[in-house]
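Report on the following structure.
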There are 2 protein chains.
Amino acid sequence: MNSETNRPTLMPDFERVSTETVQSRVHGRLRELLMLGRFAPGHPLKIADLAEAMGTSAQPVRESIRQLVAERALEALPNRSARVPGMTLERLEDLRRVRLAIEGLAAELATERATAEDIDALRALMAVGIEADNSGAIDTTVQMNKRFHFALYAIAGSSTLLPFIESLWLQIGPIMRQSAAIFDGRGGRGNEMHARMVEGLDRRDKEAVREALADDISRSFNLLAKDLARTAERPAG
Amino acid sequence: MNSETNRPTLMPDFERVSTETVQSRVHGRLRELLMLGRFAPGHPLKIADLAEAMGTSAQPVRESIRQLVAERALEALPNRSARVPGMTLERLEDLRRVRLAIEGLAAELATERATAEDIDALRALMAVGIEADNSGAIDTTVQMNKRFHFALYAIAGSSTLLPFIESLWLQIGPIMRQSAAIFDGRGGRGNEMHARMVEGLDRRDKEAVREALADDISRSFNLLAKDLARTAERPAG
DNA sequence: ATCTTTGACATATGATCACAAATATGATCG
DNA sequence: CGATCATATTTGTGATCATATGTCAAAGAT
């Protein structure tokens, strides 16, 4: 620890809910940054830089990076350094397929278990999401989309599924901002699907919810695939 | 590094194919031990003990443990220590559901892509597995079962799916030995399913392969569930 | 002119130490 | 004799340092 903790316990019971280690703070921060697409694909993550930026030693950062590699959010290079993985058409298609299977299952489970309050909460999140869409704030749009989806998946109540979904979102995070930007130009289609999901939940129609989710995923992936193909043609730009 | 490497490069080009760090050796070893069920559920993993057992410092071990927590192979306690997660009926059912979805998808993809050589390789693995069954060697049975399944999943060629499957197997590893022991008393049913899978691959029948896999998974899970319920009745053991 | 080698630099890795947190142990008091 | 608090022990965490390794560029050889 650094200068902050040199004084002997001057602070009150400040944020001491449970195990609040430096490591967990660093890891949470990095995950958040990755999921919201604040690191571009191909960006190399240097332990020393991140440690300095977060005001810690290298130790917590290096362990966090190792954890992120295990979660497939980063890839380990032969250099022994780590970077944000690049996206190819094959990987995008692979991610789409797996997201449909895993998040589709979560959506079905959620449909079985959702209470009226759960559905109301989703509706509220959706409302904020629509607002963000209309205001054109990309960051907020991305964040609200994530909040809506994870609220849905939390309802599923599968502690096995959730970490996989988080891993998937860590992997698509770096290109999600891009997707949102494209979407933004075409009007907020994402919340259309969200509305269909909520409607399906209301009717306890598993298939409807799964299909709305599938459309949500596929639509954004199709746009990204097109964008990726375009960028591949002219590698310089 | 320890005494082994104190002499200056006396060994030839011994296993120096690529980045062979102490960390990767430690991690590989721990994964193997977990997947083959060599740690019982609830067993606490102590950094110092493992470090001494492997002849390294604590550093590689602690990073490996953190990685294993990220892969859900271990669970972090509020103590900040880590242990092998215990198994409950709910978690077992959750794992079953997710395995069916994820490994089922992998099986379908494999069916699409399998070449004649791939299928022959699977047949060969199955033959060794049957041999192990008949000889009653639990360790070998577990290992060959794992080899067969992962050979199948490798054919699927999904670099997104494979880490998830590995995570799942790390989670069921600690109780798999138990499952194999139960199976052993009832004759090697697992290889029956394997035979059905190979047959389905031959006919490129996705549904058949998926169903054989589902039966394989469900049968072992049903036995484990029964065993778990029985142990729950008399908690003393 | 091109290929190979050497060496400097950047960076991660592994070991070690001081500290902090949690738990277990034992003493003291009611 | 039992409860509670102080203390000791155990174990993980964060920081620091020496070393190994990979990368890149410059110099030398073919």
Worksheet item: Taking the side chain of A:Arg80 as its heavy atoms from C-beta onward, which of C:dT13, C:dT11, C:dA15 lies nearest to it?
Response: C:dT13

Worksheet item: Is the B:His194 ring parallel, tilted or perpendicular to the B:Phe148 ring (thresholds 30°, 60°)?
Response: parallel

Worksheet entry | Atom-pair distance (CD1 on B:Ile65; P on D:dT11), nearest Å | 12 Å

Item to complete: Report the distance from atom CZ of A:Arg25 to atom C1' of D:dG14, rounded to the nearest whole Å.
Response: 12 Å

Item to complete: Could you pick out which residue, A:Ser81 or A:Gln59, lies toward the 5' side of DNA chain C when each is mapped onto its nearest nucleotide?
Response: A:Ser81

Discussion item. Expressed as a whole number of angstroms, how long is the span from A:Asp49:CG to C:dT11:C1'?
Written reply: 10 Å

Worksheet item: Rounded to the nearest Å, what distance is computed from the CE atom of residue B:Met54 to the P atom of nucleotide C:dA15?
Response: 13 Å

Worksheet entry | Candidate pair B:Leu34 and B:Arg38, rule side chain to side chain contact (heavy atoms under 4.5 Å, CB included), full reasoning | CA-CA 6 Å; B:Leu34 278 165; B:Arg38 306 295 285 274; over 6 Å; no

Fill in: Between B:Glu63 and B:Gln67, a side-chain donor and acceptor under 3.5 Å
no

Worksheet item: Would you say the base of D:dG12 and the side-chain of B:Arg66 have a donor-acceptor pair closer than 3.5 Å?
Response: no

Worksheet item: Just how far, in rounded Å, is P of C:dG14 from CD of B:Glu63?
Response: 7 Å

Worksheet item: Within the pair B:Asn79 and C:dA22, is there a side-chain N or O less than 4.0 Å away from OP1 or OP2?
Response: no

Worksheet item: So which of B:Asp227, B:Leu92, B:Leu95 actually passes side chain to side chain contact (heavy atoms under 4.5 Å, CB included) with B:Ile175?
Response: B:Leu92

Worksheet entry | Length of the CG-C1' vector between A:Leu74 and C:dA12, whole Å | 15 Å

Discussion item. Looking at A:Ser57, I'd like to know whether one of its side-chain N or O atoms comes within less than 4.0 Å of OP1 or OP2 on D:dA15.
Written reply: yes

Worksheet item: NA contact type, B:Leu45, heavy-atom cut-off 4.0 Å: base, sugar-phosphate, or nothing?
Response: sugar-phosphate

Worksheet item: Taking the side chain of B:Val22 as its heavy atoms from C-beta onward, which of C:dT11, D:dA15, C:dG14 lies nearest to it?
Response: C:dG14

Worksheet item: Separation of B:Ile47 atom CD1 from C:dA15 atom C1', in whole Å?
Response: 14 Å

Item to complete: Calculate the interatomic distance between A:Arg83 atom CZ and C:dA12 atom C1'; express it in whole Å.
Response: 16 Å

Item to complete: Under 4.0 Å between any heavy atoms, over every strand shown, what does B:Gln23 touch: base, sugar-phosphate, or nothing? Just pick one.
Response: sugar-phosphate

Worksheet item: Looking at D:dT11, D:dG14, C:dG14, which one has an atom nearest to any side-chain atom of B:Thr21?
Response: C:dG14

Worksheet item: If you take atom types as modelled and just measure distance, does the side chain of B:Arg62 reach the base of C:dG14 with a donor-acceptor pair under 3.5 Å?
Response: no

Worksheet entry | Any side-chain donor near an acceptor of the partner, B:Glu32 and B:His27, under 3.5 Å | no

